[in-house]
Every structure is written in C-alpha cells, then in structure tokens.
2 protein chains.
Amino acid sequence: MYNTALLTDHYELTMVAAALRAPIAHRECVFEVFARRLPDGRRYGVVAGTGRVLDELARFRFGDAEIAVVERFLDPDTVAWLRDYRFSGDIDGYREGELYFPGSPILTVRGTFAEAVLLETLILSILNHDSAIASAAARMVSAAGRRPLIEMGSRRTHERAAVAAARAAHIAGVGSTSNLEAARLYGVPSAGTAAHAFTLGFTGPDGTDEKAAFATQIEALGVDTTLLVDTYDITQGVRNAIEVAGPGLGAVRIDSGDLGVLARQVRDQLDSLGATETKIVVSGDLDEYAIASLRAEPVDIYGVGTSLVTGSGAPTAGMVYKLVEVDGIPVSKRSSHKESRGGRKTAFRAARPSGTIVEEIVSQGGGKVPETNGLITRELQIPLVRGGDVLDGLPTLTDAREHLARGLVSLPWEGLGLSHGDPAVPTRHVVG
Amino acid sequence: MYNTALLTDHYELTMVAAALRAPIAHRECVFEVFARRLPDGRRYGVVAGTGRVLDELARFRFGDAEIAVVERFLDPDTVAWLRDYRFSGDIDGYREGELYFPGSPILTVRGTFAEAVLLETLILSILNHDSAIASAAARMVSAAGRRPLIEMGSRRTHERAAVAAARAAHIAGVGSTSNLEAARLYGVPSAGTAAHAFTLGFTGPDGTDEKAAFATQIEALGVDTTLLVDTYDITQGVRNAIEVAGPGLGAVRIDSGDLGVLARQVRDQLDSLGATETKIVVSGDLDEYAIASLRAEPVDIYGVGTSLVTGSGAPTAGMVYKLVEVDGIPVSKRSSHKESRGGRKTAFRAARPSGTIVEEIVSQGGGKVPETNGLITRELQIPLVRGGDVLDGLPTLTDAREHLARGLVSLPWEGLGLSHGDPAVPTRHVVG
C-alpha cells in the first residue's frame with residue numbers, strides 16, 4: 001500500500017490551512033467535474049478513469065513521508081487535521097464508457113469544503129488523462145470497423161501513464177495492449193509481435209540472416225506468431241516467412257512504407273504462396289485518419305501507438321473541478337470567458353424510440369426528469385461513494401467496454417464521422 | 001522498493017524467449033536512443049529523464065508478481081532467466097539538460113542482446129516523456145526572459161506523469177511547481193496560490209464575501225501570499241485585496257480574460273493604492289507564444305499548466321531505441337523511410353571561440369575528435385553505468401539546470417526564436 005496524497009497541488013493544502021481558520025472548512029459543499037467544451041472539432045467524449053479515481057481514494061492518506069513534506073509550509077493544526085484525513089463524503093458520476101458532452105456533470109463530489117477540495121488535483125489528473133485517451137481511442141476503434149486494434153504506445157508516453165492509457169484504450173474497444181503492467185493490474189489481454197532488432201541481431205560475419213530469425217521466433221512462439229517482414233526487403237521477407245513457417249503462419253507485420261500499397265502486395269503474395277489465412281498487421285504512426293484510409297485495404301489488425309497514447313492531438317480532456325454549491329447555496333465564478341453554472345446538476349440523455357440520442361439535458365436543482373416530448377430519457381449519474389466508502393457492485397471494465405459500444409451505436413450518424421464539427425448532440429441546460 | 005519490470009512491452013519478453021534459443025541472446029550488442037527528427041518546426045530538443053532511467057534500472061526486476069504475469073506466455077527456461085535478471089552492461093549518454101538535435105545518440109546501451117533489448121520500452125517511455133516536457137518548457141522559459149515561471153499543470157496530465165513533468169520543467173528552468181510529490185521526490189520547490197473555489201466558499205445566505213476569503217487566507221499564510229482577484233469583479237477584487245492585506249501584499253493572480261490588458265489595469269490600480277511592490281501572477285492557458293506576447297506587459301510571474309505538461313503540441317519526443325551493433329558488426333534496417341545508420345556512434349558539438357555552437361557531429365566508429373577547422377569541440381556522452389552499476393558523482397538536477405542554461409546561451413540567435421524552422425545547427429555524420 002502506498003499513499004497518493006502528494007499527487008496534488010500545493011495550493012489545495014494551503015487552501016485547507018486557510019479554510020480551517022473559518023467556518024468554510026466544514027460547510028457542506030458540492031464540487032462538479034465537467035468539460036466546458038470538447039477538444040477542437042470532436043463530436044463526443046468518452047469518460048474513463050472513474051475506476052482509478054475510486055481506487056486511489058483509499059490511498060489518499062497522509063503518512064509520515066507525506067507529513068514531512070507538508071509540514072514544511074503548513075501550521076501544526078492543519079498538519080494534525082491531515083494526519084486524520086479520510087474522505088467521508090459522497091460521489092456520484094457518469095459510468096466509465098459513458099459518452100459525455102460539453103457541460104456534462106461527469107463527477108459530483110459532496111463533502112465538507114476541506115475534505116472535498118483536497119481531491120481536486122488527483123481526480124482531474126486521472127479523468128483528464130484517461131478520458132483523453134479513451135476519447136481518441138474510440139474514434140480509432142470506429143474507424144477500424146470490425147478489425148481489431150492492438151495498443152502499443154507505451155514507449156511514447158510516461159511509463160505509468162502508459163498503464164492507464166492501455167486501460168482507457170481497452171474501455172474504448174481496443175482489444176489488447178503491449179503493456180504488461182496493464183495486463184497484471186487490469187487484466188487487459190497483452191499481445192505483441194517482434195522488433196527489427198530481433199532480426200538484425202542475427203547478423204553475423206557472413207551477413208544478415210532473416211530466415212534464422214524467423215525460424216527461431218517460430219521455434220519459441222509457435223507458427224501462430226506474427227513475423228515482422230520489413231527489416232530488409234519486404235517481398236523477400238514474406239517469402240522467407242512462409243518458407244520457414246509454412247502457409248499456416250499466424251500473421252506478418254508491416255511497420256513502414258505506404259501501408260496500403262504494401263498490404264495489397266503482401267496479401268497477393270501470401271495468397272499466391274497458399275498462406276490465405278495468414279493475417280496482416282500494420283503499424284507505424286497510425287491515427288484514426290490513417291486507419292480510416294486503410295479501410296479498403298486487406299489489413300487485418302492495426303497496431304496503434306503514439307497517436308493513441310497522446311490523445312491524437314488532444315492529450316488532455318480539459319475537465320475542471322468547480323465548487324457549485326455551499327450549504328445548499330448555488331455559487332459560481334463571474335468572469336467574461338469562463339462562465340460556470342452554480343448549483344448541483346443532474347443529467348439526463350434523451351433518445352428517440354429507435355435508440356438514437358437527441359440531447360444531453362443538464363438540470364440544475366432537483367432531480368426531476370425533464371420534459372422531453374415523447375423521447376426516452378436516462379439518468380446519467382450513478383452512485384459511486386457513500387460516506388467515504390466505495391460502493392459494491394460498480395460496473396467493471398468489461399461493463400464499461402460494453403456500455404461504450406452501445407453508446408457509440410446511439411450517436412446520430414454524423415457523430416461517428418471523423419471530420420471536425422459540433423458535438424453530436426446539443427447540451428440543454430434546464431432549471432429543475 | 002517496487003519492481004518496474006512490467007512497465008514494458010509484451011514483445012520485449014517474447015523476443016528474449018526466442019533469443020534464448022539461439023546464440024543471439026548472449027551476443028554483445030549496442031543499442032542507441034536517438035530522435036530521427038525534432039517535433040515539427042522546433043529548433044532544438046532538451047534531454048531529460050536520464051536520471052529517472054538510472055533510478056529505475058535497479059528496480060527492473062522480476063519478483064513473484066511480475067513472474068506470475070510473464071509465465072502466462074513464456075516457457076520455463078525464459079521465466080527462470082528473468083528471475084535472475086539484472087542488467088550487467090554499460091550505459092553512456094547525454095547529460096540531462098543537454099541540447100539535442102536529429103540523430104544525436106542520446107543514450108547508448110551495451111550488453112547482451114537479451115539483457116539490453118529488455119530495457120527498450122521503459123527507457124523510451126521515460127526519455128520520450130521527460131524530454132518532450134523539458135523541450136517545451138525551455139521555450140517557455142526563454143520566452144519569459146528573466147521572469148519566473150511556476151509549473152501548475154498536474155491536473156492536466158496523468159498523476160504520475162505530473163511528477164516527472166515537474167522535474168523536467170525544473171531542469172528547463174521553471175522555478176517551482178505546484179506538485180507536492182515532485183517536491184518530496186526531487187526537491188523541486190513547491191508553490192501555489194488559491195483557487196476560485198476558496199473565495200466562492202465564503203458565500204453565505206447574505207451573498208458573497210471576497211474580503212472574508214482574502215482576510216482568512218492572509219491570516220493563515222501571511223501577507224506575502226498571492227490572492228486570486230478575478231473570481232468576481234477584478235477591479236473590486238484588487239481593491240478588496242489591498243484593503244485587507246495592505247500595500248505589502250505579496251502578489252495577486254489573474255486567471256482569465258485578456259491577461260495583457262488586465263495586467264496593465266491591475267498594475268496601475270496597485271500602484272495607485274501604494275502597492276508598488278505587489279507582484280502580478282498571470283495564468284490561464286499560457287504557452288510560449290502567449291508568454292512572449294505578454295513580454296511588454298507588467299507581468300511578474302507566469303503560471304503554466306496544460307501546455308507545459310502536454311509538451312505544447314509535441315507530447316512525445318519520438319525517440320527510438322535501435323540495435324546498431326552486434327559483436328562489433330554494424331547493423332541497420334533497410335526500408336524506404338526509416339533509415340538508421342549502423343555502428344556505435346560518438347557525438348561532438350562544435351562551437352566558435354565565442355561559444356556559439358555550429359554543428360552536431362555524429363561520428364560512426366572510433367571516438368576520434370573530428371576535424372572542425374579551428375572550432376572548439378566537446379564530446380557529448382558521459383559514462384553513466386558500468387557493469388550494471390550506476391556511477392557515482394553523476395550530474396544532479398541542479399547541474400542539469402545550469403548545463404541547459406549555458407546550452408541555451410550557446411545557440412545561434414535564431415535558435416531561440418519561437419517561429420517554426422530547421423534545427424538550430426545541422427547534424428553532420430562522419431565515419432571515424
């Protein structure tokens with residue numbers, strides 16, 4: 001067990017120190033997490049990270065190591081309060097795998113000011129990162145149609161972010177990951193092929209030996225493995241692969257060049273060699289657009305890396321954690337560009353009887369189902385934490401995957417387009 | 001002590017399993033980390049993360065938890081080999097805080113194929129992330145001139161990436177961080193102001209009470225604190241701040257609106273209230289361009305968040321880890337777009353007697369200082385690990401900061417420009 005209480009901002013602690021000198025510290029507050037807008041041109045966002053937030057809640061404690069840091073700048077009363085800190089409030093939120101839109105109240109935290117403000121940074125870090133990855137990954141999964149994706153971007157992001165990225169991508173429908181810690185921690189299926197270094201390693205005084213590399217890999221991993229065929233000449237690589245493995249070879253991977261042209265050539269060559277069931281894996285700087293552009297090509301599996309783990313141009317979801325209610329009084333900041341709506345919100349999604357969603361309804365005050373004129377409405381938040389305890393029976397990672405798969409089907413057709421545009425459905429703010 | 005051996009890709013392990021069936025596993029190999037190019041339009045890169053790589057080396061071990069995962073897909077001989085795994089080779093590399101350019105051999109790992117290939121993913125994760133942040137941060141520091149920056153982006157990136165980002169930003173010259181774990185782990189000075197929630201929390205049945213919020217903060221943190229003045233009306237906020245704190249107030253923070261216009265207004269107002277020493281902190285979606293655009297305004301401190309921790313458009317440095325030598329034989333992949341140069345490289349930087357650098361020289365084979373026609377050359381790699389042990393006396397974080405500060409001064413003037421362009425100096429490849 002490790003503590004995560006220092007994964008936060010200095011000012012959360014000084015605000016607590018100040019608040020403890022006034023009644024504010026113990027007033028009942030409501031904080032909400034939401035995104036003012038989606039990343040530029042995106043049609044929808046995907047919530048991910050909630051499960052990780054709940055995991056960290058129990059580790060958000062100030063032990064000796066944490067106290068040693070905060071007592072450098074905090075008074076003894078505050079330090080004593082932090083030693084006993086344990087979140088005792090309630091949390092509700094969108095499920096993981098739920099779609100979200102501008103203004104959707106993705107997470108609602110209720111507790112005293114001091115105990116709830118302290119969670120701001122960690123909650124935002126997790127939700128902003130994981131939702132950014134899931135949102136990008138969902139577009140890639142859509143672009144790939146029924147073809148599976150392997151997440152292999154660990155090397156392009158922070159080593160721990162990589163684990164969370166694999167988890168978020170899995171929620172979004174990516175089938176497997178290269179990341180072994182994600183396999184251990186979250187049960188995401190792990191997968192992999194081989195690197196060019198492996199083939200290059202068989203170079204000796206007499207020159208290169210791609211066949212020896214392939215034969216060794218097959219001996220170790222079986223004929224169902226994936227051979228990387230583009231270290232030297234790709235046509236010779238495919239010939240060597242089938243010569244060594246026979247026509248029952250699992251797959252070949254192409255990692256460079258014009259993937260569409262090469263996939264066709266390699267498919268023809270494999271078929272002519274009788275390897276009609278051998279699959280083609282492509283990788284190399286694939287994003288949702290490149291995946292879509294390969295839709296008509298004989299590609300079986302996409303390996304996605306950099307662009308997935310960096311959110312394909314939107315590496316953070318831009319969510320904020322705002323105080324919206326104090327002792328039942330709605331509060332909000334007033335400034336020109338950052339308008340927040342005060343008061344605790346309830347959220348509903350309205351759909352036609354066909355299942356196609358029509359609007360996101362964010363209701364301020366009360367929890368009444370708003371008027372929707374014959375549409376079917378679904379309340380979007382579920383209870384997650386009560387009295388500081390994470391509830392039992394919350395949706396699993398598999399539930400989240402399935403929930404998102406259904407959610408994507410519910411989008412109006414233009415919502416699944418890759419082109420830039422407005423959110424797939426409007427957000428309507430109502431006062432309940 | 002925790003293990004980090006699962007922060008890697010599935011295929012590193014299967015390559016080891018295959019390699020162990022052939023002589024390749026135990027052949028002496030050289031792997032090099034380099035970037036084929038800089039992020040679009042960038043003039044230089046900044047190396048960061050090397051210290052973290054060395055920290056993790058001792059934790060890259062397969063204990064019971066790690067073995068339980070890898071034995072799902074590996075044979076018993078490989079599993080036994082992993083149980084005993086300990087890197088026993090040598091590592092040389094660029095210092096942290098060193099500038100780098102396309103092709104610079106940032107890290108050179110020598111060891112057997114099996115032991116060295118295994119480190120690929122973790123090394124790249126760390127260097128790609130940390131160098132991306134340091135490279136972006138250095139541009140922001142340059143744009144800010146002598147004005148200090150506070151890193152406050154933790155909430156916009158993965159919670160552990162945030163810690164590494166604070167460290168990388170500090171190397172780049174950012175003075176302090178909001179992240180408390182970075183303060184604990186790396187000794188980066190922590191700092192912070194207050195959030196709008198603090199002021200909003202003082203709302204009661206009788207309405208808002210900004211003055212009570214300010215008074216409480218000053219009581220807790222002293223008059224040297226920074227008051228956030230834009231929760232309601234900024235002019236009233238400044239008036240309230242000085243009324244409560246007196247003209248000796250440390251600073252005010254502006255977090256929204258047209259920061260240039262507001263900084264001038266607030267400066268005039270502060271001066272007219274006698275608070276001539278009260279500083280102005282600005283924050284809110286600042287990147288290097290926004291920082292530069294505020295150069296003529298009366299801003300004292302910049303708070304930077306999102307754009308810093310996401311690499312300001314380049315969230316990963318795109319470095320690769322390539323096998324370049326096997327038992328002394330240079331090896332390289334041959335494909336159309338990804339040419340690698342085989343053979344172990346040595347790197348030098350040539351400068352005029354004035355100190356201005358002229359070129360990066362990457363020498364293949366041998367370590368002789370290349371001809372540079374009267375220029376002063378400096379060898380760029382230093383020894384980091386010998387026989388698996390991290391060397392004593394390596395540069396500290398402070399050394400890295402100072403090294404980079406000198407490095408930036410050595411750039412040709414156009415190299416510090418923010419506009420897109422070619423690398424500040426060319427990379428010349430020579431055969432030694």
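Because the structure is a prediction, the values reported are computed rather than measured. Throughout, protein chains are lettered first and strands after them, A, B, ... in sequence-line order, and every chain is numbered starting at 1.
Neither the backbone nor the side chain of A:I218 comes within contact range of chain B; no heavy atoms are under 4.5 Å apart. Residue contact with chain B, scored on non-hydrogen atoms closer than 4.5 Å, involves the side chain of A:L122 exclusively. Neither the backbone nor the side chain of A:D75 comes within contact range of chain B; no heavy atom of the residue lies under 4.5 Å from a heavy atom of that chain. Only the side chain of B:E12 comes within contact range of chain A, with heavy atoms under 4.5 Å apart. Both the backbone and the side chain of A:P205 have a heavy atom closer than 4.5 Å to some heavy atom of chain B. Neither the backbone nor the side chain of B:Y321 comes within contact range of chain A, judged by heavy atoms closer than 4.5 Å. In this structure, chain B has no heavy atom under 4.5 Å from any part of A:T225. In this structure, chain B has a heavy atom under 4.5 Å from the side chain of A:I329, while its backbone stays farther away. Looking at A:F73, the atoms closer than 4.5 Å to chain B (heavy atoms on both sides) all sit in the side chain, from C-beta outward. With a 4.5 Å cut-off on non-hydrogen atoms, A:F113 touches chain B through its side chain but not through its backbone. With a 4.5 Å cut-off on non-hydrogen atoms, A:V70 touches chain B through its side chain but not through its backbone. Heavy-atom distances place both the backbone and the side chain of A:R160 under 4.5 Å from chain B. Heavy-atom distances place the backbone of A:T157, and not its side chain, under 4.5 Å from chain B.
Shown here are the side-chain hydrogen bond (donor to acceptor under 3.5 Å, both in side chains) partners of B:D233, two or more places apart in sequence or in another chain: there are none.
When all heavy atoms of B:R156 and A:M319 are compared, the pair lying nearest together is NH1-O, 2.7 Å. The minimum heavy-atom distance linking A:T14 with B:L221 is given by the pair CB-CD1, 3.7 Å. The minimum heavy-atom distance between B:I24 and A:F198, with the atom names listed, is CD1-O, 3.7 Å.
Across B:H10, B:H129, B:M152, B:E120, the residue that shares the most heavy-atom pairs under 4.5 angstrom with chain A is B:H10. The greatest number of non-hydrogen atom pairs below 4.5 Å with chain A, out of B:T199, B:L200, B:V69, B:T216, is found for B:L200. Per-residue counts of heavy-atom pairs under 4.5 Å with chain B were compared for A:C29, A:G192, A:A191, A:G204; the largest is that of A:A191.
Looking only at distances, no side-chain donor or acceptor of A:R184 sits under 3.5 Å from a matching main-chain atom of B:E66. Checked by atom type and distance alone, the side chain of A:T203 never pairs as donor or acceptor with a backbone atom of B:V331 at under 3.5 Å.
Between B:Q217 and A:R21 the shortest side-chain heavy-atom distance does not fall below 4.5 Å. Side-chain contact between A:L323 and B:H196 is absent, with no heavy-atom pair separated by less than 4.5 Å. Side chains of B:L7 and A:V163 form a contact here, defined as non-hydrogen atoms less than 4.5 Å apart. By the 4.5 Å heavy-atom criterion applied to side chains, A:D9 and B:L180 are not counted as neighbours.
Inspection of the A:K333 and B:S256 side chains reveals an N or O donor paired with an N or O acceptor under 3.5 Å.
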